[in-house]
Structure formats: C-alpha cells, structure tokens
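The sequence lines fix the lettering, A, B, ..., with proteins before strands; numbering per chain opens at 1. Here the structure is a predicted model, which is why all the values come from computation and not from measurement.
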Protein chains: 4
Amino acid sequence: MERIAVLTSGGDSPGMNAAIRAVVRKGRHHGLDVVGVQRGYTGLIQGDYLSMNLGSVGDIIHRGGTILRSARCEEFRTPEGREKAVLNLQQHEIGGLVVIGGDGSFRGAQHLTALGFPTIGVPGTIDNDIPGTDFTIGFDTAVNTAIQNIDRIRDTASSHERTYIVEVMGRNAGDIALWAGLADGAESILIPEAPYELDDIVERLARGDRRDKKHSIIIVAEGVGSAIEIGQMIKEKTGEENRVTVLGHIQRGGSPTAFDRVLASRMGAEAVDLLLAGERDKMVAIRNNEITSLPFDTAFAMQHQPDMSIYDLASILAI
Amino acid sequence: MERIAVLTSGGDSPGMNAAIRAVVRKGRHHGLDVVGVQRGYTGLIQGDYLSMNLGSVGDIIHRGGTILRSARCEEFRTPEGREKAVLNLQQHEIGGLVVIGGDGSFRGAQHLTALGFPTIGVPGTIDNDIPGTDFTIGFDTAVNTAIQNIDRIRDTASSHERTYIVEVMGRNAGDIALWAGLADGAESILIPEAPYELDDIVERLARGDRRDKKHSIIIVAEGVGSAIEIGQMIKEKTGEENRVTVLGHIQRGGSPTAFDRVLASRMGAEAVDLLLAGERDKMVAIRNNEITSLPFDTAFAMQHQPDMSIYDLASILAI
Amino acid sequence: MERIAVLTSGGDSPGMNAAIRAVVRKGRHHGLDVVGVQRGYTGLIQGDYLSMNLGSVGDIIHRGGTILRSARCEEFRTPEGREKAVLNLQQHEIGGLVVIGGDGSFRGAQHLTALGFPTIGVPGTIDNDIPGTDFTIGFDTAVNTAIQNIDRIRDTASSHERTYIVEVMGRNAGDIALWAGLADGAESILIPEAPYELDDIVERLARGDRRDKKHSIIIVAEGVGSAIEIGQMIKEKTGEENRVTVLGHIQRGGSPTAFDRVLASRMGAEAVDLLLAGERDKMVAIRNNEITSLPFDTAFAMQHQPDMSIYDLASILAI
Amino acid sequence: MERIAVLTSGGDSPGMNAAIRAVVRKGRHHGLDVVGVQRGYTGLIQGDYLSMNLGSVGDIIHRGGTILRSARCEEFRTPEGREKAVLNLQQHEIGGLVVIGGDGSFRGAQHLTALGFPTIGVPGTIDNDIPGTDFTIGFDTAVNTAIQNIDRIRDTASSHERTYIVEVMGRNAGDIALWAGLADGAESILIPEAPYELDDIVERLARGDRRDKKHSIIIVAEGVGSAIEIGQMIKEKTGEENRVTVLGHIQRGGSPTAFDRVLASRMGAEAVDLLLAGERDKMVAIRNNEITSLPFDTAFAMQHQPDMSIYDLASILAI
C-alpha cells in the first residue's frame with residue numbers, strides 16, 4: 001500500500017482534527033502518501049481530494065470541528081454513487097480509507113469494503129453511542145462543555161432558589177446526560193435507556209425542599225423528549241415555576257480536551273497500522289484503556305449501553 | 001450613619017458578589033456595621049438580615065450569582081409592604097440601603113426613599129439596559145459567555161458549511177447581541193432597536209455563498225422574536241437548512257470577568273461613599289471610565305441606547 | 001459501624017471536594033454519621049472534627065481545592081502522635097476513616113491500621129503517580145489546565161516562530177508531561193522515566209526548521225530538572241533563542257473536569273462501601289474503567305509506570 | 001490611495017488578528033487593495049507581502065497571536081534598512097501603512113513618516129502601557145488569563161492556608177497587576193509605579209492571620225523585581241513558607257475577550273479611515289469609550305499612568 005485516504009463524516013466532534021493529524025503523520029511516518037477527502041462521502045464521489053503533508057495538519061490538534069469538513073450525501077446511498085466512489089479511489093491509486101465518524105458513517109464504509117475497497121473506521125461522535133468501544137472521540141469534550149455551562153446555570157439556580165431543567169444532547173444514548181448529571185450533582189437524570197416517573201422527580205424535588213436545598217437541576221437527554229414539555233409537566237405537578245435551557249449545538253464544537261486529543265491521536269495512528277497490516281472492515285476501539293479493534297459486524301451485533309452504575313450513583317449522591 | 005444594609009434584587013448577574021463584598025468591606029473600612037438582606041425586597045419585609053463582617057464576603061469575588069440571593073416580591077408592590085420594609089430597617093437602626101439590581105429594583109428603591117429612607121442603586125444586570133451608565137455589572141461576562149459558546153458553534157458551522165442562528169439574551173436591549181455579533185463576526189445582527197428586513201439577511205447569506213464562505217452566523221436578541229421562527233423564515237426564503245441555538249440562561253451565571261469584578265468593586269465602594277456623604281435616591285454609574293452617580297429620576301428620564309456604531313461596523317466587517 | 005470520618009491530606013487536587021461529597025452522601029445513605037477531619041492528620045491529632053450532613057457538601061462538587069483543607073503534620077510522624085489520633089477517633093466512636101490523598105498519605109493511613117484502626121485510601125493527586133490505579137483524582141484536570149495554557153503559549157510561539165520550553169508538574173512521574181505533550185503536539189517530551197539526549201532534541205528542532213515549522217514546544221516534567229537550565233543548554237547548542245515558562249501551581253487548582261468529578265464520586269462512594277464491608281488497609285482504584293480496590297501493600301509493591309506508548313506516539317506524530 | 005499595507009510588530013497580543021481583519025475588510029469596503037506584511041519590519045524590508053482578500057481574514061477574529069507574525073528587526077534600526085522599506089512600499093504602489101504594535105513599533109512607524117511615507121499606529125500590547133489611549137488591544141485578555149489562573153491558585157492557597165506570590169507581566173507598567181489584583185482580592189499589589197515597604201506587606205499578612213483568613217495572594221508586576229526573591233524576603237520576615245508562581249508567557253496568547261475583539265475591530269477600521277482622510281503620523285486611541293486618534297508625538301510626550309484609584313481601592317477591599 002502506498003497511498004491512503006482519510007475522511008470525516010456525520011456530525012462533527014471535537015478531536016476529529018487530532019485524528020486526521022494522526023492518520024496523516026503516522027501514514028507519512030510509514031512512507032505513505034496521504035490524501036484528505038473533503039466533505040465525507042460527497043468528496044469521495046466527486047474526487048474532491050487534498051494531498052496532505054506534515055504541514056497540512058500542523059496547528060490543528062487543538063481545534064474543534066474538522067478541517068476536512070463533513071456533509072450528508074444522498075448519492076452515496078445509491079449503488080451508482082458507491083461504485084463511482086471506489087472507482088475514484090482506485091484511479092488515484094489509493095489502497096485504503098480511514099473513515100472518522102459515527103455508526104452511520106461506518107455502514108457507508110462497509111459498502112465500500114463490499115465493493116472490495118479496504119476501510120477502517122475511527123469512532124468520532126459526541127454521543128458515545130457506538131457499540132464495541134468504551135469511548136468515542138468527542139464525548140469527553142461534549143460532557144465538559146455541558147458541565148461548564150451547567151455550572152453557570154447553577155449560579156443562577158442557586159441565587160433564585162429555582163429548579164432548572166437542562167436538555168443535553170443524546171438522541172439514542174444517555175451517556176452525556178449521565179456523566180453531566182453525576183458531575184453536576186443533578187437531582188434527576190432522564191435518559192432514553194431508563195423509564196422515568198414524573199412523581200419520582202417531583203418527590204426528589206420535595207425532598208430537596210425539605211432539607212432546604214437552594215436549587216435543583218434536572219438533566220434531560222434529548223432522546224427522552226422536549227425539556228420544555230417536561231418542565232411544563234413538572235410545573236403542573238409541583239405548582240412551582242422552573243426554567244428550561246436547551247444546551248444544543250454548543251456541545252458539538254470547541255477545543256478538544258486532553259482526553260479526546262490523546263484518544264484521537266491513538267485511534268488515528270492505529271487505523272493506519274491496521275490498513276498496513278492488511279486489515280479491513282474493522283473499527284478502532286478503546287476497551288479497558290487499550291487501543292484495539294473489532295470487525296464492524298461484531299460491533300453492530302452489540303448494543304451500546306451506558307454505564308448504569310453512574311445512574312444509580314448519581315441518584316444516591318444527589319439526595 | 002452607623003449601620004447600612006445591602007441587597008440584590010431582580011435577575012442575578014455575574015459580579016453581584018464582588019459588589020456585595022465591596023459594600024461590606026468599604027463599609028467596615030469606615031467603621032460601619034453592614035447588614036446583608038436576603039432575597040431582595042422579600043427579606044427587607046421579613047427582616048431576613050445577616051450581620052456581615054470581613055470574612056462573610058471572603059472567597060466570593062470570583063463567584064457568579066449572589067450570596068444574598070434574589071427573589072420576586074409581590075408584597076413590596078403594596079404600600080403596606082413598603083412601610084413594613086422601612087419600619088424593619090429603622091428598628092434595626094439601619095441608616096441607608098444599597099440596592100444592587102436593574103431598573104425595576106431601582107424603582108423599588110425609590111419607593112423607600114419616598115418614605116424617607118436613603119437608598120443608593122448599583123446597576124447589576126447582564127442586559128446593560130440601564131440608562132445613565134455606560135456599563136452595568138455582568139454585561140461583560142454575559143457577552144464573553146456568549147462568544148465562547150458561539151466560538152464552539154462556529155466550529156460546527158464551519159465543518160458543515162451551515163448557517164447558524166443564535167439567540168442571545170436581551171429582551172429590551174440589543175447590547176449583548178451587538179457586542180457578541182461584532183466579536184464573533186456575525187453576518188447579521190437582529191436587535192430590538194433596529195428594524196430588520198428578511199431580504200437583507202438573505203442577500204447577505206447569498207453574498208457569503210458567492211465568495212465561498214464556509215459558514216454564517218446570525219445573532220438574534222431575544223426581544224426581536226423567536227430565533228426558531230426566524231430560522232424557519234430564512235429557510236423558506238433561501239431553500240437551505242439552518243440550525244438554531246438559544247443560549248438561554250447560561251449567560252446569567254459564571255465567574256465574572258476582570259472587567260466586571262473591577263466595575264463591581266468600584267461601584268459597590270462608591271455606593272457606600274455616597275450614603276456616607278448624605279446622598280440618596282441616586283444610582284452609581286460609570287461614564288467615560290469614571291465612576292460617578294446621578295439621581296434615579298435623571299436616569300429614568302433618559303433612554304438607554306446601545307452603541308449603534310457597533311451595529312454599522314459589524315455590518316461592514318462581516319461582508 | 002455507625003460513624004466514619006474523612007480527611008484530605010498531601011497536596012490538594014481538583015476533585016477532592018467531589019470525593020468528600022461522595023463519602024458524606026453515600027455514608028448518610030447508609031445511615032452513617034460522617035465526620036470531616038480538618039487539615040489532614042493535624043486535625044486527626046487535634047480532634048478538629050466537623051459533623052457533616054447532606055448540606056455540608058452541597059455546592060462543592062465543582063470546586064477545586066478541598067473544603068477540609070490539608071496540611072503537613074510533623075507530629076503524626078511520631079508514635080505518640082499516631083496514638084493520640086487513634087484515641088481521638090475512638091473517643092468519638094468513629095469506626096473507620098477515609099483518607100483522600102497521595103501515597104505519603106496512604107502510608108500514614110497504614111500506621112493507623114497498624115494500631116487497629118480501619119482505613120481506606122482514595123487516590124487524590126494530580127501527578128497520577130500512585131501504583132495500582134490507572135488514574136488518580138485530579139490528574140485529568142491538571143492535564144487540561146496544562147494544555148489550555150500551552151495552547152495560549154502556542155499562539156505566541158507561532159506568532160514569533162520561536163521555541164518554547166514549558167515545565168509541567170511531576171516530580172517523580174512523567175504522566176502530566178506525556179499527556180500534555182501528546183495533546184499539544186510537543187516536539188520533545190522530557191520525563192523522569194526516560195533518559196534524554198540534548199542532541200536528539202536539537203535534531204528534532206532542526207528537522208522542524210527544515211520543513212518550515214512555525215514553532216516548537218518542548219515539555220519538561222519538573223522531575224527532569226530545571227526547564228530554565230534546559231532552555232539555556234538548548235540555546236547554546238542551537239544558537240537560537242528560546243523562551244521558558246514554568247506552569248507551576250496553577251496545575252493544582254481549578255474546577256475539576258467531568259472525568260475527575262465522576263471518578264471522585266465513584267471512588268468516594270466505594271470507600272464507604274469498603275468500610276461497611278469490613279475492609280481495611282486498602283485503597284480504592286480504577287482499573288480498566290472499573291472501580292476496584294487493592295491492599296495498600298500490594299500497591300506499594302508495584303511501581304507506577306506511565307504509558308510509554310504515549311511517549312512513542314508523541315514522538316512519531318510531532319515530526 | 002488605492003493600496004494600503006498592514007503589519008504587526010513587537011510582542012504579539014490577543015486581538016491583533018481581529019485588528020488585521022478590520023483593516024483588510026474596512027479597506028476592501030472602501031475599494032482598497034490591502035497587503036499583509038509578514039514578520040513586521042523584517043517583511044517590510046524584504047518585501048514579504050501577502051495580498052489579502054476578504055477570505056484571507058476569515059475565521060481569525062477569535063484566534064490569539066497574529067497571522068502576519070512578528071519579529072525583531074535589527075536592520076530596520078539603520079537608515080539603509082528604513083529606506084529599503086520605503087522603497088519597497090513605493091514600488092508596490094502602497095499608499096499607507098497600518099502598524100499594529102506597541103510604542104517601539106510606533107517609533108519605527110515614525111521613521112517611515114519621516115521618509116515621507118504615511119503611517120497610522122494601532123496600539124496592540126498586553127501591557128496597556130501606551131500613553132494617549134485608555135486601553136490597548138490585548139490588555140483585557142491578558143488580565144482575564146491572569147485571573148483565571150490566579151483563581152486556580154486560590155483553590156490551592158485556600159486548601160493549604162498558604163500565602164502565594166504571583167508574578168504577572170508588566171515590565172514598565174503595573175496595569176495587569178492592578179486589575180488582576182483588585183479582581184482577585186490580592187492582599188498586596190506591587191507595581192513599578194509605587195514604592196513598596198516589605199513591612200507593610202508583612203503587616204497586611206499578619207492582619208489577615210488575625211482575622212483567620214484562609215489564604216493570602218500577593219501580586220507582583222515583573223518590573224518590580226523577581227517574585228522569587230520577594231517571596232524569599234517575605235519568608236525571612238514572617239518565618240512562614242510561601243509559594244511563588246510566575247505566570248509568564250501564558251498571558252500573551254489565547255482567544256481574545258469580547259472587549260479586545262470589539263476594540264481591535266474598531267481601531268483597525270479607524271486606522272483605514274484615517275489613512276483615507278490623509279492623516280499620518282498618528283495613533284488610534286480609545287478615550288472615554290470613544291475611538292479617536294492623536295499624533296504619535298503628542299502621545300510620546302505624555303506618560304502612561306495606571307489608574308491609581310484601583311490601587312487604593314484594592315488596598316481597602318482586601319483588608
């Protein structure tokens with residue numbers, strides 16, 4: 001293999017640039033040419049390639065977003081689109097592709113492998129919802145962005161002795177809610193993976209009142225439903241006002257944390273090693289603090305589960 | 001005068017604690033007893049007083065919110081409530097009151113003065129919408145919180161080459177929107193003080209597209225209307241998707257910036273000096289970098305205007 | 001067991017407060033009385049105890065430092081001091097003690113156990129240098145504080161095209177240097193665990209020059225020697241100026257990251273469970289993402305080793 | 001005038017990029033060609049020019065450092081060097097130059113004007129030590145960087161009940177020390193503009209001890225002398241240990257605050273207007289919140305004075 005390519009796909013996440021840098025630099029270390037594909041699968045089809053050298057990835061390790069950009073690509077959903085993509089790769093004499101993104105992006109990578117083109121996935125998404133890896137690139141940063149802002153809300157909640165309901169990201173996975181909830185001492189944490197009882201939440205608020213707690217914070221993962229509606233329901237039950245804040249897209253950007261920079265660097269480098277070792281159709285993962293890999297199919301056969309011991313612990317500690 | 005009181009009222013703002021600290025320490029420096037009133041006018045009526053010494057305000061200069069807390073008080077809207085408040089103050093031999101808050105809080109203070117009780121106002125609100133002062137305590141922090149989070153959104157906007165619409169606080173005043181908009185290079189800034197044309201916004205977006213701009217950010221002050229609806233209208237006009245984020249209450253809390261800590265310290269100290277000089281019915285202000293004061297009525301006769309040169313400059317620089 | 005105590009000892013680290021909170025809240029959850037000992041072993045000898053309830057640890061999960069404070073204690077190095085400490089604990093009918101701190105603090109805990117008093121250690125130190133646990137409380141925050149500030153230095157280094165030498169904490173362990181070095185793309189990382197060749201550093205600088213790199217950053221763990229002297233030596237070899245910054249004690253404080261808050265919450269809770277299960281003379285640990293524990297002696301028989309794969313990877317990626 | 005140039009010179013400061021952006025965009029707005037000169041006066045002599053368009057300054061408003069870079073230039077100190085610089089400018093048909101930097105850089109600009117070439121200065125330095133303007137670009141960011149890190153030190157100081165001595169930047173001017181000192185409640189602030197008495201500092205520490213203060217922070221501007229030596233002297237007088245941290249170059253970088261971005265945008269735009277109006281040999285300034293300008297010579301005839309009312313207030317409030 002003499003030339004490899006790298007792309008980012010799906011929602012951006014902090015650390016993607018560090019992963020791109022690692023792919024390029026590790027690739028160059030092994031004497032490979034490295035090509036950056038712009039806008040994910042769109043650039044793959046259009047042949048929108050950038051030749052990357054050591055300097056192309058200088059001064060990006062600490063930047064959020066992705067210098068290769070990302071985009072949805074309808075054409076890649078068609079067999080014609082995928083064949084065009086592979087043809088392009090072959091014409092450029094590219095021998096392997098690193099796909100940095102979420103599980104949707106990995107399914108795209110599998111289509112390429114089905115057409116005979118070697119791909120390796122690097123898990124990059126703030127949601128931490130990819131099975132087979134303990135952490136995804138961007139999750140740690142997203143949780144820290146969440147708690148820094150919830151800390152701010154806490155000041156106001158405390159000054160006004162109010163209840164705040166904060167919606168964090170996580171359509172299918174409660175990981176951000178769980179970590180942010182434990183880290184910020186939230187009274188209640190609502191996640192898609194666990195049913196919730198409104199009466200329970202209300203009872204926990206009442207208990208806080210009784211022990212003269214100055215404020216309460218309830219964290220809601222977006223997959224559970226609208227925090228605004230939940231706030232309304234709680235108001236009806238308690239008869240007391242509350243305030244709702246939806247953190248939204250601020251959780252997706254920002255300079256990556258040390259954890260995410262290190263994780264991304266390791267994973268990007270591992271992806272290159274896997275390609276060089278002739279591996280394909282696999283994703284890089286971190287399990288028990290070790291960088292490893294597993295077949296996409298093995299990962300997809302598993303189901304992501306957040307650490308529910310955090311849920312239980314948060315419930316005990318926020319009494 | 002041997003004893004003074006201090007309270008915070010209205011929405012909390014970063015730097016209120018630094019102002020409380022300054023009132024207490026400057027008061028003690030002049031040999032005064034200082035009493036902290038809890039929960040604004042509610043505590044004034046209920047006699048919820050804390051005796052404050054030097055240590056009471058230790059380790060708070062850098063904290064958001066207000067240690068004296070704040071609350072709405074319906075009872076203070078009645079003549080009976082106000083008389084009770086003054087009676088309480090007199091029974092505790094308090095000779096003057098410092099009210100830290102917004103213009104609503106200052107009108108409350110005027111009612112006390114009308115009943116013969118000396119009050120001085122210190123402008124504390126993130127909105128910067130108090131006439132007579134160039135800056136209010138908390139505004140600088142709120143703008144910085146806004147831009148730190150808009151910087152994060154910029155990463156995602158740039159990675160996905162999308163338009164983002166960001167709603168910032170400011171029900172009546174566009175100051176936060178203006179400063180954040182200029183500071184973050186927003187393509188368009190929508191504020192209550194200036195009419196806006198949807199076609200204008202759309203034309204600016206188109207112009208950015210033509211010069212291959214990677215992303216656009218539109219800042220909307222909450223007083224202009226719902227950012228979600230504005231986003232919808234823009235989408236209909238442009239035929240392109242956009243994303244909306246409402247920054248919300250995160251702009252109210254957080255550790256105050258240096259500017260706000262210094263401003264609050266100066267204003268709090270000045271309030272004590274004014275009371276000692278026999279002044280009343282006045283608010284502290286900063287004008288042309290100098291701490292000064294003016295009668296509440298003079299301030300209320302003026303109208304707050306944001307610096308519209310910022311509006312014009314932002315429009316030119318974000319081309 | 002009906003009453004337990006908790007203390008913090010040694011250098012403070014971010015997350016200690018979250019650990020204290022977890023000990024108190026988990027203890028109360030199990031119906032235990034919890035006593036906070038002030039100033040580490042000093043308070044143990046002097047009987048400087050605080051009764052802790054749920055509210056005592058409210059609003060501290062996000063604060064750096066330790067509300068129980070810490071101090072050196074010469075008297076505890078004597079048998080008399082230790083006996084006095086145990087006597088005090090017994091007189092207060094305390095059945096177990098949680099010691100949050102580093103390995104020096106754990107050796108103190110062992111002395112108590114030798115006198116028959118059950119202790120459990122919770123690893124809290126920014127240095128990550130305690131054998132037997134993958135991470136210590138405070139390490140993640142310290143690394144993030146380091147990289148946020150090195151990011152700032154990078155701006156200046158890049159603007160002036162200069163080499164910067166940054167000294168980070170770590171007297172015996174290179175963990176902070178390694179993580180910060182990989183996370184910030186440092187050209188060279190000097191740690192106590194690996195010998196370094198000045199010529200190597202100089203050659204790496206020259207290589208960067210040749211490929212027109214705008215700046216270089218060299219990270220030095222304090223245990224390696226004075227960054228100022230190393231900077232001087234590099235200057236003599238290269239004939240070019242460089243700048244040195246010693247990050248110093250800013251790495252010890254600050255609001256803990258999500259990782260540290262979660263780790264501290266889990267570890268503090270686990271310590272209570274261990275005491276209730278009749279365990280003693282053990283430390284809590286995290287290994288392979290699981291909270292676990294091991295005897296102090298087992299830990300002390302091991303040697304802490306930083307992850308040298310990070311060292312190698314950083315060297316490859318910073319070419 | 002159809003073409004102007006812009007350069008940054010001297011130590012970099014946060015906001016320089018926002019000023020460059022404003023010069024380029026405002027220039028383009030008026031139909032001017034804008035040229036960016038690399039590495040300050042070095043690039044002026046070497047003709048190291050970049051043609052700047054709207055996109056050249058995209059996505060830089062929030063970045064620290066300067067994309068045009070900066071360097072010392074010995075050759076510019078010679079008449080030959082300066083003549084070469086002017087010749088270069090004239091050959092490129094450049095009609096005016098904006099110099100962003102400190103007073104040393106402005107003196108360089110004056111040499112060009114003496115040779116008949118119009119220059120306008122924009123004050124960019126973290127030190128705030130340029131006479132004639134209330135604030136310089138970068139000062140607000142530097143103070144905020146200082147206090148964020150001193151807040152961290154405060155955690156440790158408080159946990160260990162220690163005295164910390166923190167050295168901040170400011171070789172000739174005490175502005176950073178004054179603002180950071182008031183904003184962080186420092187017990188003593190040592191600046192070049194005011195003599196200090198060691199006994200005074202010690203007495204203030206003793207007074208803090210007497211009222212059971214948990215920690216003390218002493219801020220030293222670098223121009224006063226080595227914080228390490230001052231720490232040593234204090235230790236000898238008090239007999240108690242203290243810790244010293246030198247914040248160093250971290251104060252020079254980092255993403256600029258809103259204040260600095262707005263100030264830089266205004267000043268950069270004003271510089272273009274001045275050149276277009278035929279002005280020369282002047283610097284842009286902000287006085288009493290208004291953007292204005294004054295001749296270099298007028299500024300140099302003045303002496304920068306920090307606001308000593310801050311000094312007095314800090315002393316009263318930190319009792």
Trainee: Under 4.5 Å between any side-chain heavy atoms of D:R243 and C:R252, yes or no?
Mentor: no
Trainee: Write out, in numerical order, the residues from residues 58-67 of chain D with a heavy atom short of 4.5 Å from a heavy atom in chain C.
Mentor: D:G64, D:G65, D:T66
Trainee: Where on D:Q251 is there a heavy atom nearer than 4.5 Å to chain C: the side chain, the backbone, both, or neither?
Mentor: neither
Trainee: Is chain D contacted by the side chain of C:L68, its backbone, both, or neither, given a heavy-atom distance below 4.5 Å?
Mentor: neither
Trainee: Report the option among C:G248, C:G254, C:S255 that has the most heavy-atom pairs separated by less than 4.5 Å from atoms of chain D.
Mentor: C:G254
Trainee: In terms of heavy-atom proximity below 4.5 Å to chain D, should C:Q38 be classed as side chain, backbone, both, or neither?
Mentor: neither
Trainee: Could you please state which residues from residues 149-164 of chain C sit under 4.5 angstrom from chain D, measuring non-hydrogen atom to non-hydrogen atom, sorted by number, or 'none'?
Mentor: C:N149, C:R152, C:I153, C:D155, C:T156, C:S158, C:S159, C:H160, C:E161, C:Y164
Trainee: Let's test your reading of the structure: which of D:S70, D:G40, D:S13 forms the most heavy-atom pairs below 4.5 Å with chain C?
Mentor: D:S70
Trainee: Would the number of heavy atoms belonging to other residues, nucleotides or ligands and lying under 6.0 Å from CZ of C:R171 be above 12?
Mentor: no
Trainee: Please determine whether the number of non-hydrogen atoms from other residues, nucleotides or ligands lying under 6.0 Å from atom CZ of D:R77 exceeds 12.
Mentor: no
